[in-house]
Structure formats: structure tokens, C-alpha cells
Amino acid sequence: MKEDKGLKSRGWWLMVVVITLKVAECGQPVLHRIGGGRNTWAPHTNFTQWSSQERFYVGDWLYFGFDKRIYNVLEVNSTSYENCIDKDFIYNVTRGGRDVFNLTVAKTYFFLSGRGYCFEGMKVAIHVQEIPPEQLLPNSSNGSQSYVYSHITLLAMLAVAASAWTFPY
Ligand SMILES: *[C@@H]1O[C@H](CO)[C@@H](O)[C@H](O)[C@H]1NC(C)=O
Ligand SMILES: *[C@@H]1O[C@H](CO)[C@@H](O)[C@H](O)[C@H]1NC(C)=O
Ligand SMILES: *[C@@H]1O[C@H](CO)[C@@H](O)[C@H](O)[C@H]1NC(C)=O
Ligand SMILES: *[C@@H]1O[C@H](CO)[C@@H](O)[C@H](O)[C@H]1NC(C)=O
């Protein structure tokens, strides 16, 4: 009887994992809050450090939250990024200060704030990758794995909690 129950709950686990794997595979677009905080786009944040801990995929979005009276968000090329040049930018992301940007291409995007704030650290490079093919997911070596598994773990925990609630053993 005891073994039976163990088997049953393992079956639940398997089902949960399979379902969550499917969900994760769909590659839902993620909205990345720049810098991670509330007023996301502000001086004296190490955005390089932040972006190196995130995984960006094609179709994901960036969110910039900032005071538009003081700062702005400009997409620039690598030269301008390195040297904090806000002239001849590629695209002006600035709208109302709660602005989003669609990462449509697998490449490195560069953003900075003009008006001198780039020199105070308001610059960020975003390395966007293609969504990894389904088949590669379980064995992919680098960060995409942790990206997927963080989703899986969360969903699995929720599902297990839900199933344990509905079917107490
Ligand atoms: C930001 O963090 C990166 C990686 O941790 C580090 O290499 C860099 O020196 C930091 N930049 C500043 C301005 O502190
Ligand atoms: C944003 O990117 C997604 C995925 O690439 C695309 O389907 C969508 O149309 C884009 N939306 C806008 C407003 O550009
Ligand atoms: C970046 O843009 C500036 C201004 O348009 C231009 O002079 C420079 O050659 C560009 N650099 C690259 C790497 O495209
Ligand atoms: C960017 O767009 C905003 C809103 O349309 C505008 O107020 C601002 O002047 C623009 N910035 C630059 C540098 O063109």
C-alpha cells in the first residue's frame, strides 16, 4: 500500500514536470525590468552586472521606469555606448517614463541616458539570443537552462502544492 502511494505521487510529479516543461517550452516573452528595481532606470546602478545575470530572448521586452523630466532612454550603437555619446542615436525609447522596448532581433542592443547621465552609469548592453530549440532545452549548457528551470521549478512547486491540496495522501 505504501509503495502504491509513492508510485502515485511520483506519477503526479512526472505529470507536473511534463506539463511545466511544455509551458516553459512555449517561450513566453518575458518583461525585464531594467536594473530590477522599482525606478529601474537611474544613476549609480551597475546595469552591466544586472544584465549579465539575465537571459534575454527574441520577443522579450525591456521596461524602463524613470523620471522623464530628468532622464531619457536612447538606443545607440556600440561606439556611442562606449563613449556615452547621445547624438545620432538609433532610436528614442523615451515616451512617458514607463516605457517598454521590444527585443525583436538576436543581437546586442545598447541603451543610454543622454543629458550626461550615461557618465553616471546609465548605460546598458543587452545581449539577445534566439529562443533555444525545444530539443536542446534539457541539455543546453549555459544560462538558458537556469532560465527554463527557474520557471519549471516555480510552476512545479505550485502544481505540486495544488495537487497535494486536492488529493491529500
Ligand atoms: C559593474 O559590474 C561588472 C561585473 O560585475 C564589473 O566588471 C564592473 O567593473 C562594474 N562597473 C562599475 C562601474 O562598478
Ligand atoms: C514584439 O515582438 C514580438 C516577437 O518578436 C512580435 O511578435 C510583436 O509583434 C512585437 N510587437 C511590437 C509592438 O513590435
Ligand atoms: C555609431 O554611430 C556614429 C554616429 O552615427 C558613427 O559615427 C559610428 O561610425 C557608428 N559606429 C558603429 C560601430 O557603427
Ligand atoms: C525623445 O522623445 C521624447 C518623447 O517624444 C521627447 O520628449 C524627447 O525630446 C526625445 N528625445 C530626443 C533626444 O530626441
Side-chain angles (χ1 to χ4, degrees), residues 17 20-158:
V17 167
T20 50
L21 203 65
K22 287 283 167 223
V23 170
E25 274 173 5
C26 290
Q28 296 292 327
V30 174
L31 179 69
H32 303 270
R33 298 177 70 88
I34 287 286
R38 192 149 195 270
N39 270 325
T40 69
W41 187 233
H44 311 302
T45 300
N46 190 331
F47 292 104
T48 303
Q49 193 167 34
W50 171 79
S51 71
S52 71
Q53 289 163 0
E54 295 272 314
R55 291 289 167 268
F56 304 94
Y57 293 104
V58 171
D60 283 2
W61 294 78
L62 300 178
Y63 172 87
F64 295 86
F66 59 98
D67 187 338
K68 65 168 181 173
R69 292 166 302 179
I70 308 175
Y71 315 116
N72 61 18
V73 184
L74 304 171
E75 187 198 348
V76 297
N77 68 19
S78 58
T79 313
S80 302
Y81 172 82
E82 293 301 336
N83 302 298
C84 282
I85 299 167
D86 62 359
K87 288 187 176 59
D88 299 320
F89 53 84
I90 298 168
Y91 180 70
N92 180 3
V93 182
T94 321
R95 294 290 179 272
R98 289 161 58 183
D99 300 327
V100 291
F101 184 88
N102 198 347
L103 301 166
T104 51
V105 182
K107 65 165 189 177
T108 303
Y109 290 84
F110 301 95
F111 301 93
L112 55 74
S113 174
R115 304 167 184 169
Y117 291 103
C118 177
F119 296 103
E120 293 184 38
M122 289 181 71
K123 60 192 299 197
V124 65
I126 305 287
H127 308 285
V128 180
Q129 315 170 32
E130 295 286 359
I131 298 168
E134 282 185 14
Q135 292 83 353
L136 296 178
L137 274 181
N139 287 324
S140 58
S141 49
N142 50 19
S144 58
Q145 197 176 27
S146 65
Y147 166 83
V148 169
Y149 282 138
S150 66
H151 284 67
I152 290 172
T153 313
L154 184 70
L155 288 167
M157 278 162 62
L158 286 171

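One-based numbering along the sequence shown. Atoms within each ligand, like the ligands themselves, are counted from 1 in listed order.
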Counting C-beta onward and ignoring hydrogens, is there a side-chain heavy-atom pair between Ile70 and Tyr117 closer than 4.5 Å?
yes

Qualifying disulfide bond (SG atoms under 2.5 Å apart) pairs, either residue in residues 40-89, two or more places apart
Cys84-Cys118

Near Gln49 (heavy-atom distance under 4.0 Å), the atoms of ligand 1 are 2 (O), 5 (O)

Tabulation required: pairs of a nitrogen or oxygen in ligand 3 and a protein nitrogen or oxygen under 3.5 Å; columns are atom names and distance to 0.1 Å; otherwise 'none'.
unit_1, atom_1, unit_2, atom_2, d
ligand 3, 2 (O), Asn77, ND2, 2.3
ligand 3, 11 (N), Asn77, ND2, 2.9
ligand 3, 11 (N), Thr79, OG1, 3.0
ligand 3, 14 (O), Asn77, ND2, 3.3

Look at the side chain of Asn72 and the backbone N and O of Thr94, then say whether any donor-acceptor pair between them is shorter than 3.5 Å.
no

Between Asn92 and ligand 4, does any nitrogen or oxygen pair lie at a separation below 3.5 Å?
yes

Return the set of residues passing side-chain hydrogen bond (donor to acceptor under 3.5 Å, both in side chains) with Thr48 (not counting sequence neighbours), or none when no residue passes.
none

side-chain contact (heavy atoms from CB on, under 4.5 Å) against Thr45, all qualifying residues, sequence neighbours excluded:
Phe47

Taking N or O atoms only and a 3.5 Å limit, does Thr48 qualify as a polar contact for ligand 1?
no

May I have the step-by-step check of ring-ring contact (aromatic ring centres under 6.0 Å, His included) for Phe101 and Tyr109, ending in yes or no?
CA-CA 11 Å; Phe101 184 88; Tyr109 290 84; 5.5 Å; yes

Atom pair CD1 (Ile34) and CG (Asp99), whose distance is rounded to the nearest 0.5 Å
11.5 Å

